[in-house]
Protein chains: 2
Amino acid sequence: MFSRSSKYAIKGVLYLALHASVENKIQAKDLSAPINAPAPYIAKLLQELARHNMVSSVKGPHGGFYLDEVNLQMNIMQIIEIIDGEDKFRSCLLSLEQCNSENPCPLHNLVGDQKLGVIHNLENTTIKELVADVKQGNSILPL
Amino acid sequence: MFSRSSKYAIKGVLYLALHASVENKIQAKDLSAPINAPAPYIAKLLQELARHNMVSSVKGPHGGFYLDEVNLQMNIMQIIEIIDGEDKFRSCLLSLEQCNSENPCPLHNLVGDQKLGVIHNLENTTIKELVADVKQGNSILPL
DNA sequence: TCTTAAATATGACGAATATCATGTTTTTCG
DNA sequence: CGAAAAACATGATATTCGTCATATTTAAGA
Ligand code: FES
Ligand code: FES
């Protein structure tokens with residue numbers, strides 16, 4: 001459903017939101033174990049996210065990644081769009097350019113509503129709200 | 001959302017359901033244009049589907065592909081499972097093995113219900129019903 | 001029976017994605 | 001100021017997925 005890169009990126013951001021802060025930055029290599037992904041790859045993804053202001057970073061000794069208040073207001077959809085591109089998610093299921101809600105393809109009626117719901121939810125829930133869920137025990141982010 | 005192979009396969013099956021029959025079989029190469037996919041690739045996919053009894057085929061002159069009544073009772077989910085494998089669709093969004101509806105990952109609450117709905121719809125609508133929609137003008141399958 | 005037309009089976013090639021490696025820049029600290 | 005530690009930038013390699021090519025089998029028709 002999501003690309004592997006997106007999954008890594010989402011997990012990375014959520015992990016940072018949960019465990020990092022300005023005073024306690026986390027390095028790329030220390031995300032490798034909890035996220036279960038190769039360190040250099042995570043580094044590359046985080047840099048891409050940093051370039052788009054999804055995460056904050058500082059170089060040098062005691063540097064690393066974290067999320068500031070602005071970053072915490074971002075949502076999952078933005079991560080996906082940065083990593084996978086704009087329309088991987090929004091296009092027709094059969095990649096038929098000619099069709100839309102007025103001219104639906106045969107699958108549209110089966111999944112269209114749910115897809116819109118997913119997109120809406122992904123766009124309208126902030127990272128901050130997601131980690132609040134974890135902190136309250138409504139969801140888990142296992143290592 | 002689906003792999004490109006799945007899309008081709010779904011389009012192929014729907015096209016056959018709509019335009020082919022025992023008396024009027026369609027060859028792989030004649031699907032290339034309407035489906036907008038390379039002919040050899042479609043052939044490969046159809047053979048895979050035929051092996052799993054999703055479509056019917058006969059060799060030799062005047063041979064080709066079509067759907068019999070049994071094939072028409074199949075659903076889209078079966079196509080996806082044949083082409084992409086069993087669990088591409090059912091697994092956790094973050095590929096966390098440890099989590100499920102009881103121990104949901106942070107994204108589960110955002111999309112879980114919709115995903116179940118999609119799966120249910122894909123499993124419980126037959127090819128026959130989908131092409132009936134097209135015939136009645138409720139959906140379109142453009143060339 | 002022999003030729004021909006189709007699916008089938010298998011594998012080679014190419015492109016996209018994921019992974020790894022190297023060097024450069026920035027910042028902290030002695 | 002100099003050394004080290006981190007992100008940053010770029011590109012090389014590997015793996016997966018999509019595409020193409022070739023040879024084999026089966027069935028129809030002359
Ligand atoms: S028109 Fe194809 S999914 Fe909406
Ligand atoms: S537990 Fe991750 S999507 Fe359901």
Side-chain angles (χ1 to χ4, degrees), chain A residues 1-13 16 20 22-33 35-68 71 80 82-85 87-88 94-95, chain B residues 1-13 16 20 22-33 35-68 71 80 82-85 88 95:
Chain A
M1 192 154 183
F2 300 144
S3 74
R4 202 183 297 196
S5 295
S6 289
K7 291 181 189 176
Y8 290 167
I10 292 170
K11 286 200 267 186
V13 169
L16 288 177
V22 207
E23 307 88 41
N24 183 25
K25 308 179 194 67
I26 294 183
Q27 303 168 209
K29 65 176 184 198
D30 293 325
L31 282 171
S32 179
I35 290 182
N36 194 28
Y41 196 25
I42 290 186
K44 200 172 203 174
L45 291 172
L46 285 178
Q47 285 160 26
E48 183 81 9
L49 293 173
R51 212 174 300 131
H52 289 82
N53 292 311
M54 278 291 315
V55 306
S56 303
S57 65
V58 323
K59 293 180 180 182
H62 300 110
F65 296 93
Y66 67 98
L67 272 69
D68 64 18
N71 302 142
I80 296 172
I82 290 171
I83 302 298
D84 283 351
D87 43 28
K88 271 274 170 56
L94 298 181
S95 300
Chain B
M1 191 154 182
F2 301 144
S3 73
R4 203 183 297 199
S5 295
S6 290
K7 291 180 190 178
Y8 290 167
I10 292 170
K11 286 200 267 185
V13 169
L16 289 177
V22 207
E23 307 87 40
N24 184 27
K25 308 180 193 66
I26 294 184
Q27 302 168 210
K29 65 177 183 196
D30 293 327
L31 282 171
S32 179
I35 291 182
N36 195 27
Y41 195 22
I42 290 187
K44 199 173 203 174
L45 292 172
L46 286 179
Q47 286 159 26
E48 182 82 10
L49 292 173
R51 212 175 300 132
H52 289 82
N53 291 312
M54 278 290 314
V55 305
S56 303
S57 66
V58 325
K59 293 182 179 180
H62 299 109
F65 297 93
Y66 66 99
L67 273 70
D68 64 19
N71 302 142
I80 296 173
I82 290 170
I83 302 297
D84 283 351
K88 269 275 169 58
S95 300

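Order of the sequence lines sets the chain letters (A, B, ...), proteins ahead of strands, with each chain counted from 1. These numbers were taken from a predicted model, which means no experiment stands behind them.
- In this view, R51(B) and E48(B) satisfy the salt bridge (Lys or Arg N to Asp or Glu O under 4.0 Å) rule, not counting sequence neighbours.
- If you check every strand for non-hydrogen atoms under 4.0 Å, A43(A) touches nothing.
- Spacing between atom NZ of K25(B) and atom C1' of dA28(D) amounts to 11 Å, rounded to whole angstrom units.
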Report each atom pair, protein N/O against N/O of nucleotides 11-20 of chain D, whose distance is under 3.5 angstrom.
unit_1  : atom_1 : unit_2 : atom_2 : d
dG11(D) : O6     : K44(A) : NZ     : 2.5
dG18(D) : OP1    : R4(B)  : N      : 3.3
dG18(D) : OP2    : S5(B)  : OG     : 3.0
dT19(D) : OP1    : R4(B)  : NH1    : 3.3
dT19(D) : O4     : K44(B) : NZ     : 3.3

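- The two residues S32(A) and A37(A) have their closest heavy-atom pair at OG-O, 2.7 Å.
- Residue L45(A) contributes atom CG, which lies 13 Å from atom C1' of dC20(C) at whole-angstrom precision.
- Comparing the end axes of the helix from dT1(C)-dA30(D) to dG30(C)-dC1(D), each fitted to five base pairs by superposing C1' atoms of four pairs onto the next four, gives an inter-axis angle of 0° (nearest 10 degrees).
- Counting non-hydrogen atoms under 4.0 angstrom, K29(B) reaches the backbone sugars and phosphates but no base.
- For the atom pair CD1 (I82(A)) and CG (L45(A)), the distance works out to 11.0 Å, reported to the nearest 0.5 Å.
- Remark: N53(A) engages no residue in a side chain to side chain donor-acceptor pair (under 3.5 Å) (not counting sequence neighbours).
- Partners of K44(B) by side-chain contact (heavy atoms from CB on, under 4.5 Å), not counting sequence neighbours: none found.
- Residues that satisfy the side chain to side chain donor-acceptor pair (under 3.5 Å) test with N36(A), not counting sequence neighbours, are absent from this structure.
- With rounding to whole Å, Q27(B) atom CD is found 17 Å from dT4(C) atom P.
- For the segment residues 46-60 of chain A, the set of residues with a heavy atom within less than 4.0 Å of an atom of DNA chain C comprises K59(A), G60(A), in numerical order.
- Closest of all the heavy-atom pairs between L49(B) and V13(B) is CD1-CG2, 3.7 Å.
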Restricting to nitrogen or oxygen on both sides, can you table the protein-nucleotides 22-24 of chain C pairs closer than 3.5 Å?
none

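- By the side-chain contact (heavy atoms from CB on, under 4.5 Å) test, S3(A) pairs with S5(A), S6(A), D84(A), sequence neighbours left out.
- Evaluation of the side-chain contact (heavy atoms from CB on, under 4.5 Å) rule for P40(A) yields P38(A) as partners, not counting sequence neighbours.
- Separating the CD1 atom of I83(A) from the P atom of dA18(C) is a distance of 10 Å, rounded to the nearest angstrom.
- Within the structure, the salt bridge (charged side-chain N to carboxylate O under 4.0 Å, His left out) test picks out no pair touching residues 3-13 of chain B (sequence neighbours left out).
- Expressed to the nearest 0.5 Å, how far CE of M1(B) lies from NZ of K88(B) amounts to 14.0 Å.
- Atom CD1 in I26(A) sits roughly 15 Å away from atom C1' in dA7(D) (whole-Å rounding).
- For S56(A), the side-chain contact (heavy atoms from CB on, under 4.5 Å) test picks out Y66(A), D68(A), N71(A), with sequence neighbours left out.
- Between I83(B) and A9(B), the shortest heavy-atom distance links the atoms CG1-CB, 3.9 Å.
- The side chain of H62(B) contributes no N or O atom lying less than 4.0 Å from OP1 or OP2 of dA6(C).
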